[in-house]
Amino acid sequence: MGEFIIKMPDVGEGVAEAELVEWHVKTGDPVREDMVIAAVMTDKATVEIPSPVNGTVIWLAGEVGDRIAVKAPLVRIETAGDVGEVQPVGISQTPIAETPKAEIAKPAPAAPTPAPAPAEKPLAAPSVRLFARESGVDLRQVRATGPAGRILREDIEQFLSQGTAPATAKNGFARKTATEEIKLTGLRRRIAEKMVLSTSRIPHITYVEEVDMSALEELRATMNGDRRPDHPKLTVLPFLMRALVKAISEQPDVNATFDDDAGIITRYGAVHVGIATQTPAGLTVPVVRHAEARGIWDCAAEMNRLAEAARSGTATRDELSGSTITISSLGALGGIVSTPIINHPEVAIIGVNKIATRPVWDGTQFVPRKMMNLSSSFDHRIIDGWDAANFVQRIRTLLETPALIFIEG
């Protein structure tokens with residue numbers, strides 16, 4: 001008896017690790033030469049890994065969603081041959097079998113091979129499995145024509161053309177019964193863990209107030225029209241950041257973090273504003289440091305720089321940590337109201353909803369005004385409802401009379 005190791009393939013281009021996206025075998029399963037045993041994914045490609053030998057799986061490196069380093073052991077297979085007939089354990093040049101999806105050659109026509117028995121998982125590439133799920137086809141019912149009993153896309157298409165697909169209702173709409181389980185990995189998993197931590201440990205109180213943004217929107221349009229070439233275009237957020245600074249100077253308890261394990265509140269003189277930013281990889285919170293020492297244009301420029309770094313994946317760890325209070329904004333998709341989740345261990349988050357023109361009663365008639373809701377959440381262990389309301393009302397006053405934002409002292 002011998003043992004054969006299959007290692008994580010080196011797919012090149014500086015990739016140091018790959019993520020397991022599918023196992024085709026489990027410990028104890030028999031394998032045949034050229035049988036696909038796993039699929040792994042990098043940022044650039046999905047790679048199928050076939051077995052180079054016949055034998056029995058005796059060890060698997062991890063579960064779907066795990067990231068495995070390149071050249072690390074992935075599968076151990078017990079073989080029936082003598083040690084001299086297979087690569088012994090521990091030899092550095094253990095063969096690595098890999099077949100990128102885009103390079104899989106279509107095999108020459110061969111006699112149809114019966115599909116694996118129901119107890120055995122049918123052999124098929126991840127893309128073929130997806131096509132089967134979308135078509136509502138059970139792969140165990142499909143006859144395989146690929147090498148080593150592998151099901152090809154053409155086999156599914158042939159299956160469908162024979163009228164053996166699930167029945168379609170008389171109205172022409174087919175039932176869909178497929179389900180898909182998706183394991184959280186990478187940044188998405190870290191976001192989930194952070195949200196669970198925040199909601200399970202922080203008793204939130206959310207306070208919503210509407211703000212008349214008409215005067216600020218007029219001022220913003222004027223400033224954007226007169227801005228210097230090196231100045232960024234102003235959004236609402238730089239004004240809100242400066243309003244936060246002034247409101248915090250009157251209620252410093254809001255600009256704090258709470259270590260609930262130690263029972264210690266840390267109140268900060270510096271106002272480091274986290275800006276919740278959606279990126280292709282998920283939600284991140286780049287931090288505009290020392291907003292108390294920045295003007296409107298400086299706040300806007302730094303916010304734009306950090307947002308671009310976050311979206312491009314070049315933001316540093318320091319740029320994504322250390323906030324003392326957070327702003328959450330969905331821009332034009334901001335909706336009417338939201339219930340933002342506090343960025344633990346902070347004690348407050350300010351949620352910005354969209355600006356919409358609505359009729360407002362001025363005492364004698366309805367007039368069109370540009371209105372926006374602020375949906376803000378506070379840690380009720382630290383901030384009482386009365387204090388939360390006063391804080392938001394102060395921000396409202398500053399935004400509705402934007403000249404106050406620029407008055408020092």
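The analysis underlying the following values was restricted to heavy atoms, covering all of them including side chains, and did not include hydrogens, waters or symmetry mates. Bear in mind the structure is a predicted one, so any value in this text is a computation, not a measurement. For the single chain, residues carry numbers from 1 onward in sequence order.
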### Message
Could you check whether Asp212 pairs with Lys370 (Lys NZ or Arg NE/NH1/NH2 to Asp/Glu carboxylate O, under 4.0 Å)?
### Response
no
### Message
What I want to check is whether the side chains of Ser323 and Glu346 have a donor and an acceptor closer together than 3.5 Å.
### Response
yes
### Query
Are side-chain heavy atoms of Glu3 and Ile77 found at a separation under 4.5 Å?
no
### Query
So, do Ile395 and Leu244 sit near enough that their side-chain heavy atoms are less than 4.5 Å apart?
yes
#### Entry: Arg396/Glu400 ion pair, N-O < 4.0 Å
yes
### Heavy atoms of other groups near Lys194 NZ, more than 12 under 6.0 Å
yes
### Message
Are the side chains of Glu22 and Arg129 in contact, using a 4.5 Å heavy-atom criterion?
### Response
yes
### Query
So, for His204 and His380, is the gap between ring centers shorter than 6.0 Å?
no
#### Entry: ring-ring contact (aromatic ring centres under 6.0 Å, His included) contacts in which one or both residues fall within residues 291-333, not counting sequence neighbours
His231-Trp297
### Message
When you compare the side chain of Val31 with that of Val57, does any pair of heavy atoms fall below 4.5 Å?
### Response
yes
#### Entry: Pro73 vs Trp59 side-chain heavy atoms within contact, under 4.5 Å
yes
### Message
Between Ser135 and Leu160, is there a side-chain heavy-atom distance shorter than 4.5 Å?
### Response
yes
#### Entry: Pair Arg305 + Glu319, salt bridge at N-O below 4.0 Å
yes
### Task
Before accepting this row, confirm whether a basic side-chain N of the pair Asp155/Arg143 lies closer than 4.0 Å to the acidic partner's carboxylate O.
no
### Task
Just do the side chain to side chain contact (heavy atoms under 4.5 Å, CB included) check on Met372 and Val352 with the steps written out, would you?
CA-CA 8 Å; Met372 179 188 79; Val352 179; 3.5 Å; yes
### Query
Is it true that atom CD of Glu218 has more than 12 heavy atoms of other residues, nucleotides or ligands lying nearer than 6.0 Å?
no
### Query
Are more than 12 heavy atoms from other residues, nucleotides or ligands located less than 6.0 Å from atom CG of Leu130?
yes
### Query
Which pairs, with at least one residue in residues 132-155 and sequence neighbours excluded, count as a ring-ring contact (aromatic ring centres under 6.0 Å, His included)?
none
### Message
Quiz question: by atom type and distance under 3.5 Å, do the side chains of Thr206 and Ser377 form a donor-acceptor pair?
### Response
yes
### Query
Is any side-chain heavy atom of Leu320 less than 4.5 Å from a side-chain heavy atom of Val287?
no
### Task
Establish, from distance only, whether the side-chain atoms of Asp362 and Thr364 form a donor-acceptor pair under 3.5 Å.
yes
### Query
Strictly by modelled atom types, are Ser198 and Asn343 linked by a side-chain donor-acceptor pair under 3.5 Å?
no
### Message
Within the structure provided, determine whether Lys233 and Arg227 are in side-chain contact (heavy-atom separation under 4.5 Å).
### Response
yes
#### Entry: Basic-acidic side-chain contact under 4.0 Å: Arg150, Asp34
no
#### Entry: Flag for Tyr268-Glu292: side-chain donor and acceptor within less than 3.5 Å
no
### Task
State whether Asp298 and Arg242 are salt-bridged, where the test is any N-O pair (Lys NZ or Arg NE/NH1/NH2 against Asp/Glu carboxylate O) under 4.0 Å.
no
